[in-house]
S.K.: 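I'd like to ask you about the structure that follows.
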Amino acid sequence: MTAPLIGVQTLQHGTTFADLARAWREIDQLELHSAWVMDHLFPMPYPSGRTNADGCFEAWTLLSSLS
């Protein structure tokens, strides 16, 4: 029997690159199957309608930096 394929998505808005890099190092140590970020250039609104004014890391640049 093979292990299930498990991945994780991290948000790239309302955070710092240092915090994301730390989280992705921990994800790598867990040996998960995949990790990804959302492909939106602007942060999605929260279900409550509140928006995040802290900016958002662009997905492809962020993935390149985290790799």
Side-chain angles (χ1 to χ4, degrees):
M1 184 172 168
T2 60
L5 302 178
I6 298 174
V8 66
Q9 179 182 12
T10 57
L11 296 176
Q12 68 254 40
H13 60 274
T15 189
T16 65
F17 181 78
D19 287 341
L20 281 170
R22 184 172 33 258
W24 276 60
R25 280 191 298 274
E26 291 177 17
I27 290 166
D28 189 45
Q29 291 175 354
L30 293 172
E31 299 181 3
L32 298 177
H33 180 260
S34 62
W36 62 93
V37 296
M38 68 177 185
D39 63 348
H40 302 282
L41 183 57
F42 298 102
M44 300 295 287
Y46 291 94
S48 66
R50 183 174 65 94
T51 58
N52 188 321
D54 294 335
C56 184
F57 291 103
E58 189 275 325
W60 293 113
T61 305
L62 179 61
L63 288 172
S64 297
S65 299
L66 291 169
S67 68

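Start at 1 with the first residue, then count along the sequence.
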S.K.: Could you grab the distance from atom CD of E58 to atom CG of L63, nearest 0.5 Å is fine?
M.R.: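 The CG atom of L63 is 8.5 Å from CD of E58, to the nearest 0.5 Å.
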S.K.: Measuring only between side-chain heavy atoms, which start at C-beta, is I6 closer than 4.5 Å to L30?
M.R.: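 They are not in contact (no side-chain heavy atoms under 4.5 Å apart), so the answer is no.
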S.K.: If you define the side chain from C-beta out and look only at heavy atoms, does anything of D39 sit under 4.5 Å from W60?
M.R.: no
S.K.: Do V37 and L20 belong to the same hydrophobic cluster, where Ile, Leu, Val, Met, Phe, Trp and Tyr are linked whenever their side-chain heavy atoms lie under 4.5 Å apart, directly or via other members?
M.R.: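 They do share one cluster, since a chain of ILVMFWY contacts under 4.5 Å joins V37 to L20.
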S.K.: Inspect the contact between R25 and D28 and indicate whether a charged nitrogen and a carboxylate oxygen are less than 4.0 angstrom apart.
M.R.: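 Not counted as a salt bridge, because no side-chain N and carboxylate O are separated by less than 4.0 Å.
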S.K.: First locate atom OG1 of T16, then atom CZ of F57, and finally report the distance between them rounded to the nearest 0.5 Å.
M.R.: 6.5 Å
S.K.: Please give me the minimum heavy-atom distance between V8 and I27, naming the atom from each residue.
M.R.: CG1-CD1, 3.3 Å
S.K.: Which pair of non-hydrogen atoms, one from M38 and one from A59, has the smallest distance, and what is that distance?
M.R.: O-CB, 3.3 Å
S.K.: Please indicate whether E31 has more than 12 foreign heavy atoms, meaning atoms of other residues, nucleotides or ligands, lying under 6.0 Å from its CD.
M.R.: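 Check fails, neighbour count at 12 or below.
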S.K.: Can you check whether W24 reaches L62 side chain to side chain, under 4.5 Å on heavy atoms?
M.R.: no
S.K.: Any donor-acceptor pair under 3.5 Å linking the side chain of T15 with the backbone of Q12?
M.R.: no
